[in-house]
Amino acid sequence: MDQYLFPCDPIANPAAVVSGPNYRFTLLSEIVFRYEWAEDGIFEDRASAFAINRNFAPPKFTVNETIEHIELVARNFHITYDKKPFSRSGFIVGFPSKVTLWGADWRYGETAKDNLGGTARTLDEVNGRCDMGDGILSRSGFATVDDSDTMLFDGQGFVAPRRTGHRIDGYMFAYGHDYKGAMKAFYDISGHQPILPRWALGNWWSRYHPYSADEYINLMEVFRARSVPLSVAVVDMDWHQVKGDHIPHAGWTGYSWNKELFPDPAGFGQALHDRGLKITLNDHPHGGIHHHEDLYEAMAAALGHDTSKKAPILFNPTDPKFMDAFFRVLHSSIEKEACDFWWIDWQQGPISRVPGLDPLWLLNHFHFRDHVNKNGQGRGIIFSRYAGPGSHRYPVGFSGDSIRSWDSLRFQPEFTATASNIGYGWWSHDIGGHMGGIRDDEMATRWVQYGVFSPIFRLHSSNSQWTSKEPWNFRVEHCKVMEYFMRLRHRLVPYLHTVNLLGGPEPVARPLYWEYPAHEEAYEKPNEYFFGPYLIVAPIVEPRNPNTNLASVNVWVPPGRHVDIFTGAVYDGDQEIRMYRTIETIPVLAPEGSILPLGELNPPNGCVNPTYFEVLTILGKDGQFTILEDPNDDYETEGSRMKGDWTEYRKITLDYKQSEGRLRISKSTKTWMLRFPSVTIIPHGLEVRMGGVVIASPSVYVETRSDPRDSTADPEVPGLVVHIPRPENGEVDVEITLGPDPQLGVLDRASLLTNWLLDFQMEFAAKDRMLAAVEGKKPLSSKIGRLMSLGLGMEYIGPVVELLTADSR
């Protein structure tokens with residue numbers, strides 16, 4: 001099993017260890033220490049499911065020891081221990097961080113009362129909230145991880161249970177409010193998130209439905225005809241034989257193609273690959289391999305299994321010989337026909353034949369290592385449920401079969417962002433909900449909008465003729481919005497894949513308090529989150545008001561001026577404001593100095609590197625973004641990969657200097673559309689250079705927002721637009737200069753208000769009174785006072801207040 005060995009460094013630096021007959025403390029960093037107690041005095045140095053690295057330079061610390069007590073003092077913690085079995089009175093840790101007025105300490109066995117949460121194994125049948133357990137982050141400034149019962153890696157490619165007897169193996173994280181430092185320490189110990197293949201970041205199509213090969217291919221053609229790109233084709237369990245008298249079990253497990261639906265599996269796989277799609281097949285492995293399976297004899301030969309009585313080969317992930325055959329014989333054979341990676345649908349709990357070895361852990365670890373071995377670093381992927389701390393090493397997460405309801409939608413943004421607190425960054429949800437519930441086109445649309453700004457976007461539905469998620473199954477206004485956002489998802493891939501390639505301790509979706517731990521508002525908005533380095537997303541999870549056609553969400557705008565990338569609206573920072581939106585958009589804010597690269601307007605399948613970029617640059621502060629691309633993701637034509645042994649990423653640096661109003665693009669070989677949102681006039685003296693040569697007549701104009709009532713047009717971001725053609729000869733630097741210290745424009749509030757009022761379902765006289773209340777140069781307080789005196793409901797007053805208070809200029 002040595003092919004499943006992976007990089008790890010589990011034996012700690014001896015200089016970091018303080019130990020006695022039955023106890024051992026290992027100071028891993030200024031933030032983390034490990035504490036162990038073993039009744040037999042034998043301590044554990046093998047890598048565990050949680051901790052695979054422990055060899056770090058020790059922090060500065062002092063030891064004060066007597067016959068009965070020992071004290072360890074480091075920068076972030078002060079350990080007092082009585083050398084006896086760990087107890088509340090004998091093992092105490094004090095913290096110097098000033099996270100509360102009265103200080104903080106911890107006694108063995110306690111947990112921080114204000115832990116900020118982690119994640120859950122599954123959302124199966126969850127309707128609304130569920131318990132998210134504990135993560136690494138706590139407002140108390142410390143947290144613990146109990147690693148006493150997790151499985152171990154034996155150092156020879158397989159796993160092992162813990163030794164018997166009374167043992168304690170725990171980790172204390174002490175960080176104050178340095179949440180980023182805490183998560184960096186977590187990743188150092190538990191391993192970093194692997195890089196995903198670029199295509200994993202696009203749109204996944206999934207449905208629990210007995211597709212035939214022709215039906216599936218025809219559906220992919222409809223998506224392509226409607227210019228809705230996809231990157232992953234998910235085939236649920238009906239790819240294999242499910243029903244029939246010859247099947248000796250319930251049919252969930254299977255490894256033989258259903259030839260009635262898929263008469264030519266290899267041809268089916270080639271047809272999807274030709275369309276730029278990757279394929280994942282569903283696998284419920286718990287039933288084992290029975291005599292009717294095509295590969296039963298091959299598996300039996302590999303295992304020395306007696307087939308004379310047609311006895312089933314039972315699923316046994318604790319047996320290395322079985323696991324070797326499971327991948328080498330069974331899965332590899334199917335992969336050659338039509339499977340790029342596996343959807344591991346384990347639902348049978350954490351118990352196996354060996355105590356402490358969770359079958360889900362085993363499946364996740366060995367499936368991922370097998371996929372990396374076959375495809376190379378940076379191209380490994382599985383699709384499976386969360387198994388506990390350390391699971392972030394095996395992306396992508398399948399969150400299970402959620403209920404189709406507004407309550408489920410309300411919870412998913414918080415659930416996804418909070419998972420970052422346990423390092424789990426690549427959740428994939430059943431966008432739109434899986435089962436139950438009612439038909440609600442608005443809810444489905446809002447779910448798609450959230451899904452586009454979630455780590456992995458995957459549409460899915462139950463085995464029902466009424467619930468499939470094709471956008472054109474919904475009413476026209478919702479279909480238009482869904483298709484626009486699905487195109488947007490592929491356009492976001494240059495931004496998302498750069499974050500993916502950078503890796504490190506920042507998952508793509510993170511709670512606000514990661515950046516603003518000292519701001520109370522950051523904890524009060526669990527459904528608002530960072531998406532990559534710049535964007536702040538506040539999904540709308542409530543239905544529209546029928547009188548205004550608007551839905552709303554309460555948003556905290558962090559310090560500094562921000563711009564909504566969809567509307568161009570400018571918001572003063574460090575304020576709470578209720579934002580109102582039509583069905584076309586949700587609030588997505590970018591601070592001054594943000595640079596957001598997007599791909600082409602109508603991207604193809606497969607998430608290939610674009611030859612055309614649209615870049616949004618938010619004026620006001622300096623900014624930089626370096627687009628990273630793997631040249632192996634270039635395609636001459638869809639489905640035709642360029643070959644090359646590339647060892648470095650291609651870098652395209654976009655650098656903006658506010659003092660000069662200059663945006664520079666290094667080494668361009670692309671076509672560019674440069675957008676400066678909320679810039680409402682063409683600056684005098686605007687200049688564009690390509691390769692140092694001034695372009696005499698560049699294409700420059702100011703874009704206004706498309707009318708949302710126009711069902712044929714995608715909404716555009718209002719602002720200045722500059723087109724830069726693709727250079728004719730090789731790489732050149734591109735520069736656009738707007739002039740010294742350019743500023744965001746002030747939106748025409750009167751025009752925006754008129755558009756709002758036009759659509760409001762209310763008395764015309766009341767519209768006149770609302771308009772009169774806010775016209776003129778009256779103080780803001782006077783305008784709001786007059787509005788409130790009209791006696792109208794907040795559904796009418798709220799959108800006007802947003803317009804008046806967003807930007808104080």
Side-chain angles (χ1 to χ4, degrees), residues 198 227 229 276 487-488 490-495 497-498 501 595-617 619 623-657 660-677 679 682-703 714 716-717 719-739 742:
R198 183 184 180 97
S227 297
R487 283 190 289 272
L488 176 63
H490 276 233
R491 300 190 66 211
L492 282 165
V493 168
Y495 175 74
H497 192 46
T498 294
L501 292 176
I595 299 177
L596 176 65
L598 303 172
E600 54 259 68
L601 292 172
N602 289 299
N605 284 349
C607 300
V608 298
N609 288 328
T611 60
Y612 168 100
F613 278 104
E614 177 181 342
V615 175
L616 276 62
T617 303
L619 304 183
Q624 186 182 79
F625 192 93
T626 298
I627 301 169
L628 299 179
E629 293 182 339
D630 183 342
N632 283 303
D633 292 321
D634 289 342
Y635 284 70
E636 295 178 350
T637 60
E638 186 175 320
S640 175
R641 178 180 292 281
M642 291 180 64
K643 301 296 183 182
D645 185 17
W646 307 101
T647 58
E648 293 185 1
Y649 300 131
R650 180 191 298 129
K651 297 181 180 180
I652 307 171
T653 299
L654 299 97
D655 185 81
Y656 175 70
K657 297 297 183 185
E660 304 169 35
R662 187 193 69 231
L663 177 65
R664 175 177 291 153
I665 304 170
S666 67
K667 299 180 180 180
S668 170
T669 60
K670 315 275 188 175
T671 300
W672 299 88
M673 180 166 68
L674 306 177
R675 287 188 176 273
F676 299 88
V679 175
I682 299 176
H684 178 70
L686 180 146
E687 183 180 83
V688 179
R689 290 177 176 266
M690 180 179 290
V693 178
V694 175
I695 298 178
S697 300
S699 175
V700 181
Y701 57 91
V702 174
E703 180 74 70
D714 287 340
E716 301 288 358
V717 184
L720 177 69
V721 182
V722 181
H723 286 269
I724 308 292
R726 183 174 184 172
E728 296 180 359
N729 299 310
E731 297 178 342
V732 300
D733 290 345
V734 173
E735 275 187 10
I736 174 171
T737 302
L738 306 181

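Just so it is clear, the structure is predicted and the values come from calculations on it, not from any experiment. Both backbone and side-chain heavy atoms feed into the values below; hydrogens, waters and symmetry mates do not.
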Sorted by chain and number, sequence neighbours left out, side chain to side chain contact (heavy atoms under 4.5 Å, CB included) with Thr671 holds for Tyr612, Arg726
For Pro742 and Gly661 the tightest heavy-atom approach is CD-CA, 3.6 Å
Pairwise side-chain contact, Asp655 with Ser666, heavy-atom cut-off 4.5 Å (strictly under): no
Can you list the steps and then say if Leu598 with Leu492 is a side-chain contact (heavy atoms from CB on, under 4.5 Å)? CA-CA 5 Å; Leu598 303 172; Leu492 282 165; 3.6 Å; yes
Shortest non-hydrogen contact from Ser227 toward Asn602: CB-OD1, 4.0 Å
Pro698 and His723, any side-chain heavy atoms less than 4.5 Å apart: no
Minimum side-chain heavy-atom gap Lys651-Leu628 below 4.5 Å: yes
Shortest non-hydrogen pair, Pro229 vs Pro604, comes out as CB-O, 3.6 Å
Would you say that Phe625 contacts Val615 through its side chain, given a criterion of any heavy-atom pair below 4.5 Å between the two side chains? no
Can you confirm whether Leu619 sits close enough to Leu738 that some side-chain heavy atom of one is under 4.5 Å from a side-chain heavy atom of the other? yes
Could you tell me the separation between the CD1 atom of Ile695 and the CD atom of Glu735, rounded to the nearest 0.5 Å? 11.0 Å
Evaluation steps, side-chain contact (heavy atoms from CB on, under 4.5 Å), between Val722 and Leu663: CA-CA 11 Å; Val722 181; Leu663 177 65; over 6 Å; no
Closest non-hydrogen contact found for Leu616 with Pro677 is CG-CG, 4.0 Å
Shortest non-hydrogen contact between Tyr701 and Ile682, atoms and distance: CA-CD1, 4.2 Å
Rounded at 0.5 Å granularity, tell me how far OG1 in Thr626 sits from CD1 in Ile652. 9.5 Å
Take Ile736 and Trp672 through the test side-chain contact (heavy atoms from CB on, under 4.5 Å) and record every step on the way to the result. CA-CA 11 Å; Ile736 174 171; Trp672 299 88; over 6 Å; no
Taking the side chain as everything from C-beta on, heavy atoms only, tell me whether Leu720 gets closer than 4.5 Å to Val702. yes
What's the spacing between Glu614 CD and Met673 CE if we round to 0.5 Å? 3.5 Å
Side chain to side chain contact (heavy atoms under 4.5 Å, CB included) partners for Pro610, two or more places apart: Arg198, Pro494, Glu600, Phe613, Glu629
Do Ser668 and Met690 have side-chain heavy atoms sitting under 4.5 Å apart? no
Scan side-chain atoms only and decide if Asn609 and Asp633 contain a donor-acceptor pair under the 3.5 Å cut-off. no
Between the CG atom in Asp634 and the OG1 atom in Thr611, the distance rounded to the nearest 0.5 Å is 9.5 Å
If I compare all heavy atoms of Thr737 with all of Arg662, which pair ends up nearest, and what's the gap? OG1-CG, 3.6 Å
Going through the distances and angles, do Arg491 and Leu601 end up as a side-chain contact (heavy atoms from CB on, under 4.5 Å)? CA-CA 7 Å; Arg491 300 190 66 211; Leu601 292 172; 3.6 Å; yes
When you compare the side chain of Ile665 with that of Leu674, does any pair of heavy atoms fall below 4.5 Å? yes
Main-chain N/O of Gly692 paired with Asp733 side-chain donor or acceptor, under 3.5 Å: no
Sequence neighbours excluded, which residues qualify as side chain to side chain contact (heavy atoms under 4.5 Å, CB included) partners of Val693? none
